[in-house]
Amino acid sequence: MISLKDISVTFNQPKKPAIQAVKNVSIEIDKGDVYGIVGYSGAGKSTLVRVINLLQRPSSGSVVVNGTELTTLSAKALREKRKTIGMIFQHFNLMDSRNVFDNVDFSLKYGGRSKQERHQKVTELLALVGLEEKAQAFPSQLSGGQKQRVAIARALANDPEILLCDEATSALDPKTTLQILALLKKLNRTLGLTIVIITHEMQVVKEICNKVAVMEDGEVIEQGSSVQIFSQPEKPLTKDFIRTATHIDQALETILGSSKFSSLAPNEWLVELSYVGDQTNEPLIAQLYSRYKVTTNILYGNVEILQEVPIGSLVVSLSGEYQQRKHALEYLKSQGVYTNILKENHAEPLNNVIKGGF
Ligand SMILES: Nc1ncnc2c1ncn2[C@@H]1O[C@H](COP(=O)(O)OP(=O)(O)OP(=O)(O)O)[C@@H](O)[C@H]1O
Ligand SMILES: [Mg+2]
């Protein structure tokens, strides 16, 4: 549905060094995807997503949307094509002097519909986003979540195939965020809408995205299915995002801050384990004892369900004889469990211990 190839965007500024906001990015988005683009502020996310509807022309590269190369279209053809791509923004961008109905109706003005057809369409759109009762309200009389619903209705006015969302939920509280994400998911399922969603919160990706790209300093440093990225993140930035989303960072802070774990027993390791699918941890942990006489003490556990696949994280302490602990970790690894030693007793050699990786 969307194919970006070797996209670069450079901003030239008078008397200042040029800014390379996007560097050589290639992304494929299929019909029906909910595609997340994550990264910290300034990573180039907004610039990249604006390339998709050519609000931002790339300095180089190709932009193909549903089979059409956009960069070579005439201004008129591009205007037509843009109708198939809706967009919503962090700050809603509603017209304050018009009521909800007219805000949505405005997008239909030049679509060639009669007044009556437009009335029907706006009514349908407001029902779709659950705002029938607010048709006559003005933006100042709406909550943030309601404003974003108006913005979504407006973006859908011309029956787009694609919806671009630039930080659509970052101005909303967590509960309202979930409601808006549920609405987007519904639109994706019922209308077959392809959605591209920019966010700095992995939580948003976890809720609705089937695929994700991680951006840093203008580049896409990692991309893949959400399950793959969540279960086997490779780059430090991606790991950082995920640890925040799964609350494992907070858990580790608590564990490592407690006096019990500030110094470990000589035969003990603090280890992070994560696994995908429904391997239950209990048989594995039982195996560690029966095979290697290694005792496991679970300090923290969390399961996230992504695209109906469970992804588990555990923080455990492993106690037992040194060689046996090494074997236990190798065994876990052979069972597809990601292992990472967080803390060891410094009196012990760690050279040959397997750190991380499947
Ligand atoms: N029109 C412009 N002229 C010059 N520089 C720009 C322009 N637009 C963006 N930039 C720069 O390009 C870089 C990427 O900006 P962009 O807005 O794409 O980041 P972002 O990832 O969306 O950040 P945020 O999360 O804060 O919205 C930044 O360094 C920004 O200052
Ligand atoms: Mg931005």
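We count ligands from 1, going down the list as the structure has it; atoms in each ligand are counted the same way.
With ligand atoms numbered from 1 in the order given, ligand 1 contributes 14 (C), 16 (P), 18 (O), 19 (O), 20 (P), 21 (O) to contacts under 4.0 Å with heavy atoms of G44.
Ligand 1 has a nitrogen or oxygen under 3.5 angstrom from a nitrogen or oxygen of A43. Of the N or O atoms in Q13, none lie within a sub-3.5 Å distance of an N or O in ligand 1.
Between Y322 and W269, the ring planes are perpendicular. Angles over 60° get that label, and only those under 30° would be called parallel.
For the pair K293 and Y289, the cation sits on the ring face: its NZ or CZ lies under 6.0 Å from the ring centre, inside 45° of the axis.
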Working for side chain to side chain donor-acceptor pair (under 3.5 Å), residues T169 and Q148: CA-CA 8 Å; T169 57; Q148 196 56 290; over 6 Å; no

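In this structure, atom 30 (C) of ligand 1 has its sub-4.0 angstrom surroundings free of protein heavy atoms.
Using a cut-off of 2.8 Å, one finds that T47 contributes no N/O/S atom close to the Mg ion (ligand 2).
For atom 12 (O) of ligand 1, the closest heavy atom belonging to the protein is A21 CB, 3.3 Å. Here the heavy atom of the protein found nearest to atom 6 (C) of ligand 1 is F11 CD1, 3.2 Å. Scanning the protein for heavy atoms near atom 26 (O) of ligand 1, the closest one is S41 OG, 2.5 Å. Scanning all protein heavy atoms for the shortest distance to atom 25 (O) of ligand 1 gives K45 NZ, 2.7 Å. When only non-hydrogen protein atoms are considered, atom 18 (O) of ligand 1 lies nearest to T47 OG1, 2.5 Å. With hydrogens left out, the protein atom closest to atom 17 (O) of ligand 1 is S46 CB, 3.8 Å, a heavy atom.
The pair D166-K45 does not meet the salt-bridge criterion, since no charged nitrogen lies less than 4.0 angstrom from a carboxylate oxygen. The existence of a salt bridge linking D217 and K235 is excluded, since no basic side-chain nitrogen approaches an acidic carboxylate oxygen closer than 4.0 Å.
L163 and M87 get closest at one heavy-atom pair: CD1-N, 4.1 Å. The minimum heavy-atom distance linking V212 with S226 is given by the pair CG1-CA, 4.1 Å.
Heavy-atom distances between G42 and ligand 1 reach below 4.0 Å in at least one pair.
In this model, a donor atom of one side chain and an acceptor atom of the other lie less than 3.5 Å apart for Q90 and S170.
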